[in-house]
Amino acid sequence: MYVLNTWYVTAWSHEVTTTPVKRMVCEIPLVLYRNVSGQVRILEDRCPHRGYPLSAGVTHDDTIECGYHGFTFDGAGTCTRVPAQSTIPERAVVRSFPVVEKDGWIWVWTGDKSLADESQIPDTHYMNDPAWAANTHSYLFECRADLIHDNLLDLTHESFIHTSTVGDDYIYKHGITVEVEGTVVSADRLMPNVAPPPLYAKTMGLDGLFDRFHCTEFHVPNYHILHSGITGAGRPREEGYLIKVLNGITPITANTSWYYYCFARNFAIDDVQATADLQEGLATVLDEDADALRLQEIGLSTRPSNVHDVLIAQDAGVAKARRIMKQLLDAEAQFRDAAVTATSH
Amino acid sequence: MSELNPPKSFIVKIASTGQEVVVEESRTILDSLERADIYPDNSCRDGICGTCETRVIAGTPDHRDMLLSDEEQAAGKTILLCVSRSHSPVLELDL
């Protein structure tokens with residue numbers, strides 16, 4: 001089950017051109033392309049004629065032509081041409097999806113079109129702001145999206161999985177403060193008077209002791225921004241070396257997910273070597289997470305359904321977020337059931 | 001969070017059997033149930049994870065957990081057995 005009435009990150013801007021791109025989001029096959037005026041179009045990736053993937057076809061102006069028999073559809077999914085006959089069958093329609101392109105990410109709305117509200121897309125300006133330097137990655141994770149959410153809300157795993165980059169035993173020794181506002185869960189950890197993480201200490205050109213902090217802000221169901229960094233002992237966070245990590249988590253299937261990642265820093269922003277070193281170091285972090293969550297997915301695949309996680313106090317954010325996720329899923333299920341009941345009478 | 005009242009003793013009634021378990025002022029509901037050989041699922045025992053969340057059939061819970069939202073606490077339909085207590089002398093639970 002997926003929350004569908006939301007925007008999911010589905011590609012980087014640079015990936016989408018006039019050549020069709022194939023993606024899957026929440027088990028919905030999608031084709032993405034850019035029309036001649038530069039707008040991104042997203043349609044269901046299946047020709048209504050005989051089910052051939054439209055992504056195997058070609059685009060002309062605003063339209064996409066099926067590679068099998070030439071059925072042609074505009075960006076709204078309306079069939080404009082059936083080469084082998086002069087009339088267009090009524091059912092020759094492809095589902096189209098609302099799209100927003102912003103700061104380098106392309107978001108798709110997978111739910112009820114009438115509910116699509118662009119203002120719900122989070123603030124991602126850090127990816128596209130000269131005051132910040134950005135490193136980006138995208139990864140296919142072989143696990144359910146929920147495991148990535150848990151991973152980001154519980155950063156004590158850094159002490160064990162990311163020992164060479166961002167980990168340290170002091171992380172799990174400090175507790176978190178959890179807050180909820182609407183469907184946003186924040187889990188904040190302050191680690192006073194500690195060494196900076198190995199991955200950034202070099203880029204920051206620092207040694208000595210600082211206040212380190214990280215706050216995971218999970219916009220349930222699919223986006224996290226981590227506000228992290230270090231600052232002088234007892235100093236305000238805003239004065240410090242700041243990092244914003246943007247994480248677009250998009251379910252593909254029940255046990256695969258896309259991870260769209262941007263690491264933005266407000267220090268050493270013109271330092272090309274620092275950017276190169278971080279690119280490699282952050283890939284190590286993501287490789288370590290991808291590997292751990294793949295193993296966790298395997299572990300869960302043989303766990304009986306009546307056995308549940310043994311959550312601890314550090315999982316307070318995880319527990320809150322799961323609750324909100326369940327509420328969103330239940331609300332959509334109720335809405336669907338009501339719609340089914342209404343149409344059957 | 002509202003000011004906590006000093007803990008008082010109350011009775012938990014088990015809906016499935018009618019059994020009544022006294023929760024003394026020094027013990028939690030969960031501890032008291034376990035002493036009566038009733039073992040609900042639980043995990044953090046700290047009002048955080050929600051594993052021991054149980055439906056309230058009658059009575060008014062005195063919520064002391066950190067998981068339920070203010071609205072959920074006010075509705076009083078469920079309770080976390082590991083930390084929360086009862087405002088009413090008897091709390092009937094779906095156990």
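Computed from a prediction, not measured in an experiment: that's the story for all the values here. By convention in this document, chain letters (A, B, ...) are assigned in the order of the sequence lines, proteins followed by strands, and residues within each chain are numbered from 1.
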From [atom1] ([X]) to [atom2] ([Y]), nearest 0.5 Å:
{"X": "A:His308", "Y": "B:Cys49", "atom1": "NE2", "atom2": "SG", "result": "11.5 Å"}
{"X": "B:Asp41", "Y": "A:Asn306", "atom1": "CG", "atom2": "CG", "result": "9.0 Å"}
{"X": "B:Cys44", "Y": "A:Ile312", "atom1": "SG", "atom2": "CD1", "result": "9.5 Å"}

Chain B contact via A:Val310 - side chain, backbone, both or neither, heavy atoms under 4.5 Å: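 Contact with chain B is through both the backbone and side chain of A:Val310.
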Portion of A:Gln314 that has a non-hydrogen atom of chain B nearer than 4.5 angstrom: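 The answer is neither part of A:Gln314.
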Would you please test A:Arg323 and B:Leu68 for side-chain contact (heavy atoms from CB on, under 4.5 Å) and show each step? CA-CA 9 Å; A:Arg323 201 172 177 85; B:Leu68 302 184; 3.0 Å; yes
Please flag which part of B:Glu72 lies under 4.5 Å from any non-hydrogen atom of chain A: side chain, backbone, both or neither.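 Interface part for B:Glu72: side chain.
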Is it the case that over 12 heavy atoms from other parts of the model lie below 6.0 angstrom from the [atom1] atom of [X]?
{"X": "A:Glu142", "atom1": "CD", "answer": "no"}
{"X": "A:Glu27", "atom1": "CD", "answer": "yes"}
{"X": "A:Tyr170", "atom1": "OH", "answer": "yes"}
{"X": "B:Glu20", "atom1": "CD", "answer": "yes"}

Please rank B:Ile48, B:Asn42, B:Leu67 by heavy-atom pairs under 4.5 Å with chain A and give me the top one.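 Top count of heavy-atom pairs under 4.5 Å with chain A: B:Leu67.
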Looking only at atom types and distance, does a side-chain atom of A:Lys320 sit under 3.5 Å from a main-chain N or O of B:Met66, one as donor and one as acceptor?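 Confirmed, A:Lys320 side chain pairs with B:Met66 backbone.
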